[in-house]
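Remarks on the structure that follows.
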Amino acid sequence: MKEQYKNKVTQALINDIQKEAKKFLDTGLVAPIKVIEYYKSLKGLRATFEKDYFTRRRELHVLAISLYLGLHNQEQTIELLEQTIWEICNEFAWGLPAHLQSVNGTVYTQENKTLIDLFASETGQSLAEIMSILGEHLSPLIKSRITDEIETRIFQSFLSKEWEWEHRHDNWSAVIGGSIGMAALDLLEKNTDKQKQILKKLELAFDSYLNGFAEDGACFEGAGYWAYGFGYYIYFAEKYRAVLHDDTYLTKPKAQVIANFPYNALISNKQFVPYSDSPNPTMPTGLLNFCSDYFKTDVPAYGQASDFHFSHCYRWANMYRNVIWTKEAKQMKPTNSHFFKNVAWLVIRNEETNFSFSAVAGENNSHHNHNDIGNFIIGNGQELILTDLGAGKYDKAYFLPIKRYESLNTRSLGHSVAFINNREQVNVEKPEYYHMHSDHDYTEFFAKHNPNANHKAENVLYTKDGVKHVFTMDLANAYPTEAKIKSYARTFNIDESKRVMYVVEKISFESEEQSDVSQGFVSFIKPEITNNCITWSQGNTKLQLDFDSSCDEATYVAKEADTHLKGKTTVFITRLHNKNKAALYERKYMFSLVNQ
């Protein structure tokens, strides 16, 4: 095998790849994709089709790396690898059904073969790079088939028109742009007109991606989508430098700032703030190693290369670079606090006192939006006690504007914010978000439901004095006019050394009669309610909330949340409901972490 990639941190990953490849080699079969699952996906049932789709990609990738590293019998590996490549080239479309266009929801159109979504572009990139590094082992027939399919499905299709994703300020522009760019660098002869044409056209997509970040470098989609989008941007940028001897994309000023995001979004030694639709990810260590070496930035700690199963998509670009880029374990300082000024996130991690806290101001109009302005989470340095549910189940309804906020994960009732006069927070999602996930036109829907909406926190201020933090915001614009709010200030006072946090609420209403407030606190832990105290126990720690029972009534309810990757789970929503109505609502709640 290629000994230069075998070291203390990659050995476990290489062993897993070897085992996975052997499973496929023992069967001698290509993972099937059943036509019945295409039918089901037309009705919005994504899970089974995607599992089959990603299993076939997993087979492609482990066989290719096994051949590259010399882990198994070469002849046997080549035979099954070529058969897998052939079947992928035979697929009706490389994109996922959720993104394909259909006629009356029953028949796919032929244009889908050349539709470029995230997964079509990733498939093209993986085939191109596999051919680039393993070309000497592949037959002329297979190499010709790869070249022809990528030419038709990716290169010609990309050059044929201007794509919506070229203008997007999120992971789509980076992932698709990076994938197409890497394929062009791998398959096309250096500096040919065709290669230059593709790379020139991709400049718009990369500019759009970087423009989606403000000066604080925060990824509003969360840490998982940072790894996805920025990962493909870096993978392309490094290949661009290696092939063309040009580091233009790596030296973009904003790239340095964005590289810092995961470290500053770390709320414990193993968990990132779970805002938006980002589940708590395992970071690709190849990407982290590159950021540490090239940008000299702090990165989350790791002792081993990313586990083989760290991503259910088993992406080639990640897996291959986790093997060839991960060179050493990384450690980090036990304490860090960071305020992302533009997205208005505060993140505090103190492993010395076993305290973690985060709160978000922000706005309710981002990609993968949740209605969560004023939301906060708190934990004991290891686990979150008050938490954020993260992404809901990814199905068709979840990406439809008339259905998305029926999910507990996205609506404000599923976050630690107030429910005011029986009204939740409202949102103003961008129409293009839904246009990309549906074959319906929602322009009229948005014109009707969100005219000139501006649902975001105002007057956001953050100050720090040593281990003490003050974070304040005006939340009035987060709620609809029916909530009857004149003003709403929420302030967090945090002392990370004492493991204490105060939430200070001041809400002015239009009238005393319409001043109903129900504070919400979200946890996967069942609370215990006693007089003037609510506790959530986690290991040898309990989180204690002190309140005045003469002013508020405490209750809780168990709800079922359907999450993106972990399925259905029970969540407990605790509420403090004001007993006495007044035009001015004022509260000061104390949260403290106590050892049991």
Side-chain angles (χ1 to χ4, degrees), residues 220 275-276 343-346 359-366 368-377 386 388-389 401-430 445-461 471-492 503-522 551-553 555 557 559 573-589:
F220 56 79
Y275 300 140
S276 187
V343 295
W345 295 1
L346 171 61
V360 56
E363 54 190 38
N364 288 340
N365 70 344
S366 59
H368 288 284
N369 179 65
H370 289 198
N371 289 342
D372 62 352
I373 297 175
N375 183 38
F376 68 98
I377 53 183
L386 293 188
D388 188 294
L389 302 180
I402 56 176
K403 291 289 186 178
R404 180 173 176 83
Y405 294 95
E406 293 179 5
S407 169
L408 185 65
N409 303 65
T410 54
R411 62 191 300 183
S412 62
L413 280 177
H415 297 81
S416 294
V417 296
F419 186 50
I420 302 175
N421 284 323
N422 295 313
R423 294 293 187 274
E424 297 180 61
Q425 292 184 12
V426 286
N427 70 290
V428 54
E429 286 242 38
K430 298 176 181 178
F445 174 91
F446 283 97
K448 178 180 179 181
H449 287 78
N450 293 296
N452 302 314
N454 182 29
H455 305 308
K456 64 180 182 179
E458 300 285 355
N459 303 317
V460 176
L461 296 173
F471 185 24
T472 186
M473 62 199 75
D474 186 334
L475 304 182
N477 285 342
Y479 292 85
T481 55
E482 293 82 358
K484 306 298 181 182
I485 300 171
K486 293 172 65 177
S487 65
Y488 180 1
R490 167 169 278 196
T491 300
F492 300 98
V503 180
V504 183
E505 297 277 275
K506 187 174 182 179
I507 308 174
S508 175
F509 289 97
E510 293 179 5
S511 68
E512 178 178 318
E513 293 76 17
Q514 294 177 312
S515 59
D516 189 83
V517 180
S518 177
Q519 299 288 350
F521 310 106
V522 178
C551 296
D552 295 310
E553 179 183 9
T555 60
V557 62
K559 294 280 189 179
I573 301 176
T574 304
R575 297 217 161 270
L576 286 176
H577 190 190
N578 62 333
K579 294 180 176 179
N580 306 310
K581 306 301 184 287
L584 181 61
Y585 169 95
E586 293 184 285
R587 294 290 188 277
K588 185 176 183 179
Y589 299 117

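The shown structure was predicted, so the numbers you read here are calculated from the model rather than taken from an experiment.
Partners of F509 by ring pair (Phe, Tyr, Trp, His ring centres under 6.0 Å), not counting sequence neighbours: none found. In this structure, the salt bridge (charged side-chain N to carboxylate O under 4.0 Å, His left out) partners of R411, at least two apart in sequence or on a different chain, are E424. Contacts of F376 classified as ring pair (Phe, Tyr, Trp, His ring centres under 6.0 Å), with partners at least two apart in sequence or in another chain: F492, F591. Y585 meets the ring pair (Phe, Tyr, Trp, His ring centres under 6.0 Å) test with no other residue; sequence neighbours excluded. Applying the side chain to side chain donor-acceptor pair (under 3.5 Å) test to D372 and every residue at least two apart in sequence or in another chain returns nothing. Among residues two or more places apart in sequence or in another chain, the side chain to side chain contact (heavy atoms under 4.5 Å, CB included) test is passed with S511 by E513, Q514. Take D552 and apply the salt bridge (charged side-chain N to carboxylate O under 4.0 Å, His left out) test, not counting sequence neighbours, and it matches R587. With sequence neighbours excluded, the residues that form a side chain to side chain donor-acceptor pair (under 3.5 Å) with T472 are T491. Take S407 and apply the side chain to side chain donor-acceptor pair (under 3.5 Å) test, not counting sequence neighbours, and it matches N409.
The two residues G362 and A344 have their closest heavy-atom pair at N-CB, 3.6 Å. Pairing each heavy atom of N369 with each of R404, the nearest pair is O-NH2, 2.9 Å. Looking at every heavy atom in both residues, V417 comes nearest to I373 through CG1-O, 3.4 Å. Between G374 and M473 the shortest heavy-atom distance is CA-SD, 3.8 Å. The shortest non-hydrogen separation linking V460 to A361 is CG2-CB, 3.9 Å.
Taken from OG1 in T481 to CZ in R423, the straight-line distance is 8.5 Å, to the nearest 0.5 Å. Taken from CG in L408 to CG in L389, the straight-line distance is 5.5 Å, to the nearest 0.5 Å. In this structure, S487 OG and I507 CD1 are separated by 9.0 Å, a value rounded to the nearest 0.5 Å. The distance from atom OH of Y275 to atom CG of N375, rounded to the nearest 0.5 Å, is 6.0 Å. A distance of 8.5 Å separates CG of L475 from CD1 of I485, quoted to the nearest 0.5 Å. The distance from the CG atom of N477 to the CD atom of Q425 is 11.0 Å, given to the nearest 0.5 Å.
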Given the rule in the side chain to side chain contact (heavy atoms under 4.5 Å, CB included) test, do I573 and L413 qualify, once you have shown the distances and angles that lead to the verdict?
CA-CA 8 Å; I573 301 176; L413 280 177; 5.5 Å; no

As a quick check of understanding, evaluate side chain to side chain contact (heavy atoms under 4.5 Å, CB included) for E505 and Q519, giving each step before the final call.
CA-CA 10 Å; E505 297 277 275; Q519 299 288 350; 2.8 Å; yes

Hey, mind stepping through R490 and V503 against side chain to side chain contact (heavy atoms under 4.5 Å, CB included) and telling me if it holds?
CA-CA 7 Å; R490 167 169 278 196; V503 180; 4.0 Å; yes

Test V360 against D388 for side chain to side chain contact (heavy atoms under 4.5 Å, CB included), laying out the working first.
CA-CA 11 Å; V360 56; D388 188 294; over 6 Å; no

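Using modelled atom types, one side-chain atom of H370 and one backbone atom of S276 make a donor-acceptor pair closer than 3.5 Å. At distances below 3.5 Å, at least one donor-acceptor pair connects side-chain atoms of S416 with backbone N or O atoms of V522. Between the side chain of N578 and the backbone N or O of S515, at least one donor-acceptor pair lies under 3.5 Å.
Note on residues 574-584: pairs passing salt bridge (Lys or Arg N to Asp or Glu O under 4.0 Å), not counting sequence neighbours, are D516-K581. Residue pairs meeting the salt bridge (Lys or Arg N to Asp or Glu O under 4.0 Å) criterion with at least one partner in residues 474-488, sequence neighbours excluded, do not occur; the list is empty.
Environment of CD in E510: crowded, with over 12 heavy atoms of neighbouring residues, nucleotides or ligands closer than 6.0 Å.
By the 30° and 60° cut-offs, the orientation of the rings of Y488 relative to Y479 is tilted.
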